[in-house]
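Since the structure comes first, as structure tokens, the remarks are kept for the end.
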Amino acid sequence: MTTTIEIDDDLAERMEGHLEEDESLAELVEELVNVYETEGTFLQEGYSE
């Protein structure tokens, strides 16, 4: 099953700026979800509790 998610152009451009060579937006989203599931939250660079 495939699901379509609509995002605005600004967000798509930001996400594309984080892609590694030959990586798709779907792969980036999967990586982000994996991080979220592992850590329970998204980490901010330079942030500590």
Side-chain angles (χ1 to χ4, degrees):
M1 181 175 132
T2 300
T3 302
T4 300
I5 299 172
E6 293 185 29
I7 57 175
D8 64 35
D9 292 339
D10 291 336
L11 179 56
E13 189 173 309
R14 287 175 54 202
M15 292 173 66
E16 287 169 357
H18 294 285
L19 294 177
E20 296 193 12
E21 190 173 326
D22 297 327
E23 184 178 35
S24 68
L25 283 175
E27 291 168 326
L28 176 63
V29 171
E30 182 177 3
E31 184 177 342
L32 291 171
V33 170
N34 288 339
V35 168
Y36 184 82
E37 289 175 342
T38 301
E39 302 295 330
T41 186
F42 289 115
L43 301 176
Q44 291 182 330
E45 199 170 315
Y47 173 80
S48 63
E49 292 182 7

Less than 4.5 Å apart, side chain to side chain, heavy atoms only: is that true for [X] and [Y]?
{"X": "L28", "Y": "E16", "value": "no"}
{"X": "N34", "Y": "E30", "value": "yes"}
{"X": "E27", "Y": "E20", "value": "no"}

* Run the side-chain contact (heavy atoms from CB on, under 4.5 Å) check on L11 and M15 step by step: do they pass? -> CA-CA 6 Å; L11 179 56; M15 292 173 66; 4.0 Å; yes

* **CZ on R14 to CG on D9, rounded to 0.5 Å** =>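 CZ of R14 is found 13.0 Å from CG of D9.
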
* Return the minimal non-hydrogen interatomic distance between E31 and E23, and the atom names on each side. =>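 Reported closest heavy-atom pair: OE1-OE2, 3.2 Å.
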
